[in-house]
*Asks:* 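Sharing a structure here in structure tokens format.
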2 protein chains.
Amino acid sequence: MPRKRNTRRSPDMPTLADVARLAGVSEITASRVVRAQGPIADPTRLRVLSAIAALGYIPNRAAGSLASAGSTLMSVLLPSLSNIVFPDVLRGIHTALTQTAFQPVIGVTDYDPLIEERILISFLSWQPAAVILAGLHHTPVARRYLEQGRFRVAELMDIDGDPVDIAVGMSHRQAGYETGRHLIQRGYRRFGYARHNILTDDRASARYEGLCTSLQEAGLSLIAEHRYPGPSSTKAGRDTLEILLSAHSELDVVIFPNDDMAMGGIFHCMYAGITVREQLGIFGFNGLDIGQAMPMPLSTILSKRFLIGKTAAEKLLESRERPPEKTIINTGFDIIEGATA
Amino acid sequence: MPRKRNTRRSPDMPTLADVARLAGVSEITASRVVRAQGPIADPTRLRVLSAIAALGYIPNRAAGSLASAGSTLMSVLLPSLSNIVFPDVLRGIHTALTQTAFQPVIGVTDYDPLIEERILISFLSWQPAAVILAGLHHTPVARRYLEQGRFRVAELMDIDGDPVDIAVGMSHRQAGYETGRHLIQRGYRRFGYARHNILTDDRASARYEGLCTSLQEAGLSLIAEHRYPGPSSTKAGRDTLEILLSAHSELDVVIFPNDDMAMGGIFHCMYAGITVREQLGIFGFNGLDIGQAMPMPLSTILSKRFLIGKTAAEKLLESRERPPEKTIINTGFDIIEGATA
DNA sequence: GCCTTTTATGGTAGCGCTGTCATTATTCTT
DNA sequence: AAGAATAATGACAGCGCTACCATAAAAGGC
């Protein structure tokens, strides 16, 4: 006795077999039409297409993935969504992926390599075509999976290190270094530094180190730094500057780990009646729109976040197979002179 | 002659069968351990678990989805990632989903219902457990798919309408209305309005309408409005206010569709030497951190974006089946009096 | 102690699709 | 015109997993 069919299926979800039957072709031909793959005669294609439309057929990607041992998903692992940087990167990725069959699946790691590892493993169970992550530091387990997998890998933001496959980003160490050189050249000598409590933000740390190097080369060093006991925010920047200045009123410039905090610094100056640039220089990082729309544009470094995401996704699409040699793409950065330092 | 096995598979990707063999149990038992489902004796579970660890087994979710006609994916369709609102919503969703087996898959519609429809269809091919989208307006085709599917649906941001399943958000019409009432009560009479070119931002339109209603009720009306010919940004707000004032210097308050643009308005005032609040009131929408960190906090409306995302995802997880009655959750909004209007 | 219920496990048959190989009809070479 | 290449289609066997049903052993009821 034949077993009852379709107990698990939605009652009227048509399958490829239904489409093929209606179009009077074999399943595989219908499949080829759906995937636009292989040679199909125009009249046949049209018959299949109209059968698809008539039935409201939606392909089952789980079955497709299973049969072909691959998917059109692209796993994206980002440290955070609160930091505008990563939505920008995501926008770049998304832009490159529209008009392709690929879809981003996102995960947020909270800057924690162990969470990154966990999410990575769970993403791999979808057999993604590619994995995009931030930075070059991962757990050994994660690194092993990335190296052994049959998917492309892009590591974003940072290029100071050895990527698994592709790295797209800029040298944060160099950005920090150039920041120091620039500010010294503009006459600043008494440097303060604001930080936040995200210790695993490797990029911020690299910029900090680069800055210290350039100060050292000039026979200078940081006079003061303060680590705000919370995540980055405008208010964090404002409070941090107040604390820095209360202990070190001699500072003539303060560098912030990002524009959000730098804006907070400027707001503190406005509030406290400090003339920005003359009395105190303020320098940020990222080059956000809002900082540039101020009457006195923020001095900062433009990181090309959208471009990083877009370039990475485009590069990943170039070939399904991982090429033998690794690729490092430096999207660079621009110093925005601005009016605050 | 037996066909060569595994031509499509990665050479050494272990399957459930390998795990079962190593643990000395049947496949289905191993499957139950992986899914933590059904009664399993402790020693058996341990044997399977150690086999999984020994082999580095990663389940194949495509196969699982196919067999069970369902997935642990949650499709999230957002209008934009440039507008901080949506990353915030996404953070809320993500927060609710961590520690569950569900993963968000995101798509960006650019505020275009047709793109929304296209992405929705492509997402449905993954048999998602739930679909989250913004707003209550979709194409008829999309609406039909949403209504007929066997998945939960949450429509976010807006509650002025008839949801498919769950709606979580606030009444934007009412927010606009209350804005008008509040500003009238504070003595403003000559209203200007700034807009952007995203015509399909239904929420912004609803607020606009609500505002007009309250003005009308008070015997007032908008004196001037200007639609910036580009997407929302701080610079857009700055330029728009300049244009508004050049033609209508009599305005005593200008309302912006969001805080980003309102900040731009404030920057214009700073630049042009206009005393905010005394000479000109500025009112925004969203209640962003940066506006509140200013020396003169922005007058605005706090929309609870994170809460909306989190509540929606939590609600969706409550039951796999769509309940007979629809749910509308009003997360409300707060008027932030601030110092700019 | 016999019967019922619960607990723990397994056999089997697909889920819907695509890779592989095979076949036939058509066009191109020279 | 014969052979070779190409275009267009199909048969079939799985991909790796889980729903369904069955079975056996242990626990509970009176």
*Asks:* Which whole-number value in Å describes the distance from B:Gln127 CD to D:dT18 P?
*Replies:*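 Roughly 14 Å, once rounded to whole Å.
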
*Asks:* Report the C-alpha distance between B:Glu147 and B:Arg144 in whole Å, list the side-chain angles of each, state the deciding distance to 0.1 Å, and finish with yes or no for salt bridge (Lys or Arg N to Asp or Glu O under 4.0 Å).
*Replies:* CA-CA 5 Å; B:Glu147 245 145 23; B:Arg144 190 162 51 75; over 6 Å; no

*Asks:* Name the atoms and distances for all side-chain donor-acceptor pairs under 3.5 Å in residues 53-60 of chain A, with sequence neighbours left out.
*Replies:*
residue: A:Asn60; atom: OD1; partner: A:Ala62; partner atom: N; Å: 2.9
residue: A:Asn60; atom: OD1; partner: A:Ala63; partner atom: N; Å: 3.1

*Asks:* Where the side chain of A:Ser26 is concerned, which of D:dG10, C:dT9, D:dT18 is the nearest nucleotide?
*Replies:*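 When the side chain of A:Ser26 is considered, D:dG10 is the closest of D:dG10, C:dT9, D:dT18.
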
*Asks:* Going 5' to 3' along nucleotides 24-29 of chain C, which nucleotides have protein heavy atoms under 4.0 Å from the base (write B), which only from the sugar-phosphate (write S), and which from neither (write -)?
*Replies:* ------

*Asks:* For A:Arg320 and C:dG19, what is the distance between atoms CZ and P respectively, to the nearest whole Å?
*Replies:*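 Distance, rounded to whole Å: 10 Å.
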
*Asks:* Where the side chain of A:Ala67 is concerned, which of C:dC17, C:dT9, D:dA8 is the nearest nucleotide?
*Replies:*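 The closest nucleotide is C:dC17.
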
*Asks:* Can you sort out the partners of A:Leu136 under side-chain contact (heavy atoms from CB on, under 4.5 Å), two or more places apart, ordered by chain and number?
*Replies:*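 side-chain contact (heavy atoms from CB on, under 4.5 Å) list for A:Leu136, sorted by chain: A:Glu155, A:Asp158, A:Pro163, A:Ala167.
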
*Asks:* For B:Leu66 and C:dC15, what is the distance between atoms CG and C1' respectively, to the nearest whole Å?
*Replies:*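 B:Leu66 atom CG is separated from C:dC15 atom C1' by 4 Å.
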
*Asks:* Could you check which of D:dT18, C:dT7, D:dT9 has an atom nearest any side-chain atom of B:Pro39?
*Replies:*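 So the side chain of B:Pro39 is nearest to C:dT7.
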
*Asks:* Ignoring hydrogens and geometry, is there a side-chain-to-backbone donor-acceptor pair from B:Asp110 to B:Asp112 under 3.5 Å?
*Replies:*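 No; zero donor-acceptor contacts below 3.5 Å.
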
*Asks:* Checking B:Ser50 side chain against B:Arg47 main chain: does a donor-acceptor pair fall under 3.5 Å?
*Replies:*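 Judged by distance alone, yes, a pair lies under 3.5 Å.
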
*Asks:* The criterion is side-chain contact (heavy atoms from CB on, under 4.5 Å); which residues satisfy it with A:Pro79, sequence neighbours excluded?
*Replies:*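 side-chain contact (heavy atoms from CB on, under 4.5 Å) check on A:Pro79 returns A:Phe86, A:Thr109, A:Tyr111, A:Ala134, A:Arg203.
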
*Asks:* Please test A:Thr15 against A:Glu27 for side-chain contact (heavy atoms from CB on, under 4.5 Å), starting from the C-alpha separation and ending with a verdict.
*Replies:* CA-CA 10 Å; A:Thr15 70; A:Glu27 271 191 69; over 6 Å; no

*Asks:* Salt bridge check, A:Arg143 against A:Asp162: does any charged N sit closer than 4.0 Å to a carboxylate O?
*Replies:*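 Here A:Asp162 pairs with A:Arg143 in a salt bridge, since their nearest N and O are under 4.0 Å apart.
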
*Asks:* Between B:Ser65 and B:Gln127, do the side chains contain an N or O donor and an N or O acceptor separated by less than 3.5 Å?
*Replies:*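 Not at all, the side chains of B:Ser65 and B:Gln127 share no donor-acceptor pair under 3.5 Å.
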
*Asks:* Looking at B:Glu318, is its backbone amide N or carbonyl O close enough to the side chain of B:Arg152 to form a donor-acceptor pair, meaning the two atoms are under 3.5 Å apart?
*Replies:*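 No.
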
*Asks:* Please tell me which of the listed nucleotides, D:dA7, D:dT18, C:dT9, lies nearest to the side chain of B:Arg61?
*Replies:*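 Of D:dA7, D:dT18, C:dT9, D:dT18 is nearest to the side chain of B:Arg61.
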
*Asks:* Which residues, if any, of residues 42-53 of chain B bring a heavy atom under 4.0 Å of DNA chain C?
*Replies:*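 The answer is B:Thr44.
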
*Asks:* May I have the distance from B:Leu16 (atom CG) to D:dA19 (atom P), rounded to whole angstrom?
*Replies:*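 Going from B:Leu16 (CG) to D:dA19 (P), I get 12 Å.
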
*Asks:* Would you mind reporting whether A:Val131 and A:Tyr145 have side-chain heavy atoms less than 4.5 Å apart?
*Replies:*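 Side chain of A:Tyr145 against side chain of A:Val131, heavy atoms only: no contact under 4.5 Å found.
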
*Asks:* What is the distance from CZ of B:Arg21 to P of D:dC17, rounded to the nearest Å?
*Replies:*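 Roughly 12 Å, once rounded to whole Å.
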
*Asks:* I want to verify a distance call: between C:dT9, C:dC17, D:dT9, whose nearest atom is closest to the B:Ile40 side chain?
*Replies:*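 For B:Ile40, the side-chain atoms sit closest to C:dT9.
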
*Asks:* For DNA chain D, determine which residues of residues 27-38 of chain A have any heavy atom closer than 4.0 angstrom to one of its atoms, and list them numerically.
*Replies:*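 Residues of residues 27-38 of chain A under 4.0 Å from DNA chain D: A:Ile28, A:Thr29, A:Arg32.
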
*Asks:* Can you tell me if the side-chain N/O atoms of B:Ser68 get under 4.0 Å from OP1 or OP2 in D:dT18?
*Replies:*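 Checking B:Ser68 against D:dT18: no side-chain N or O falls below 4.0 Å of OP1 or OP2.
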
